[in-house]
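Comments concern the structure below.
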Amino acid sequence: MIEKDGFFERVYEVTKKIPYGRVSTYGAIAKYLGTGGSARVVGWALNSSSGLGVFIPAHRVVNRNGILSGKKHFGGSLIMKQLLENEGIRIKDDKVVDFKKLFWNPRLEL
DNA sequence: GGTGTGACAATGG
DNA sequence: GCCATTGCCACAC
C-alpha cells in the first residue's frame with residue numbers, strides 16, 4: 001500500500017521491495033506506478049535517492065537492456081557491479097547475465 | 001507558470 | 001543490426 005504524494009516516494013518503495021538477487025527495469029517500475037512512459041522519471045527518482053538517509057537498492061534497477069546504466073551515478077563505476085555480484089548476480093561487461101531470468105516485474109509479482 | 005532536464009524506451013533510417 | 005531522433009512525464013529553477 002503506497003500512499004505517497006510524491007512520485008519519487010513510490011519509486012523508492014518499489015525499489016526497496018526488489019527481492020534479493022533480482023533486478024528490475026526503469027520501464028517496468030514506471031509502468032507499475034502507472035506512468036508507463038515516464039521511465040526517465042524513475043531513474044531520476046533514484047538519482048535523488050542518494051541523501052535520503054535510507055539505502056535504496058538502486059543497483060538492482062537497470063535499463064531495459066539489463067545494462068548498468070546508472071553505475072556512474074552510483075558513486076563509482078565498480079560499486080554497482082560489486083553490489084550486484086555480492087547478491088549472486090553475474091555481471092558481464094556492465095550487463096546483467098541472464099537478465100531475463102533475474103528480471104523482477106513488480107506488475108506481476110508485487 | 002513556463003522552460004529545462006534526466007540513471008529510459010521505442011521507432012526510423 | 002547499429003546509430004540517431006523523438007516521446008514521455010515528473011521535478012527543480
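If you're wondering where the values come from, they're calculated on a predicted model, not measured in any experiment. So you know, we letter chains A, B, ... as the sequences are listed, proteins then strands, and number each from 1. Every heavy atom of this structure was used, including side-chain atoms; hydrogens, water molecules and symmetry mates were not.
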Can you list every pair that meets salt bridge (Lys or Arg N to Asp or Glu O under 4.0 Å) and has a residue in residues 25-49 of chain A, with sequence neighbours left out? none

Please collect all salt bridge (Lys or Arg N to Asp or Glu O under 4.0 Å) contacts where either partner lies in residues 97-110 of chain A, sequence neighbours excluded, each pair once. A/R22-A/E109, A/D98-A/K101

Is any side-chain heavy atom of A/L68 closer than 4.5 Å to one of A/V62? yes

side-chain hydrogen bond (donor to acceptor under 3.5 Å, both in side chains) partners of [X], counting only residues at least two apart:
X: A/T35; value: A/S38
X: A/K71; value: A/D94
X: A/E87; value: A/H59, A/R60
X: A/S49; value: none

Taking protein heavy atoms under 4.0 Å as touching, what does nucleotides 7-13 of chain C look like 5' to 3' if B marks base contact, S marks sugar-phosphate-only contact and - marks none? BBBBB--

Only counting residues at least two apart or in another chain, list the ones meeting salt bridge (Lys or Arg N to Asp or Glu O under 4.0 Å) with A/K16. A/E13

Mind checking if A/A58 touches a base, just sugar-phosphate, or nothing, with heavy atoms under 4.0 Å? base

Along DNA chain B, 5' to 3', what are the outermost nucleotides having an atom less than 4.0 Å from a heavy atom of chain A? B/dG6 to B/dA10

Contacts of A/Y12 meeting ring-ring contact (aromatic ring centres under 6.0 Å, His included) (sequence neighbours excluded), chain-then-number -> none

With sequence neighbours excluded, tell me which residues meet side chain to side chain contact (heavy atoms under 4.5 Å, CB included) with A/S24. A/I18, A/A28, A/I29, A/F103, A/W104, A/P106

Using a 4.0 Å cut-off on heavy atoms, which residues in residues 61-69 of chain A reach DNA chain B? List them by number, or say none. A/N63, A/R64, A/S69

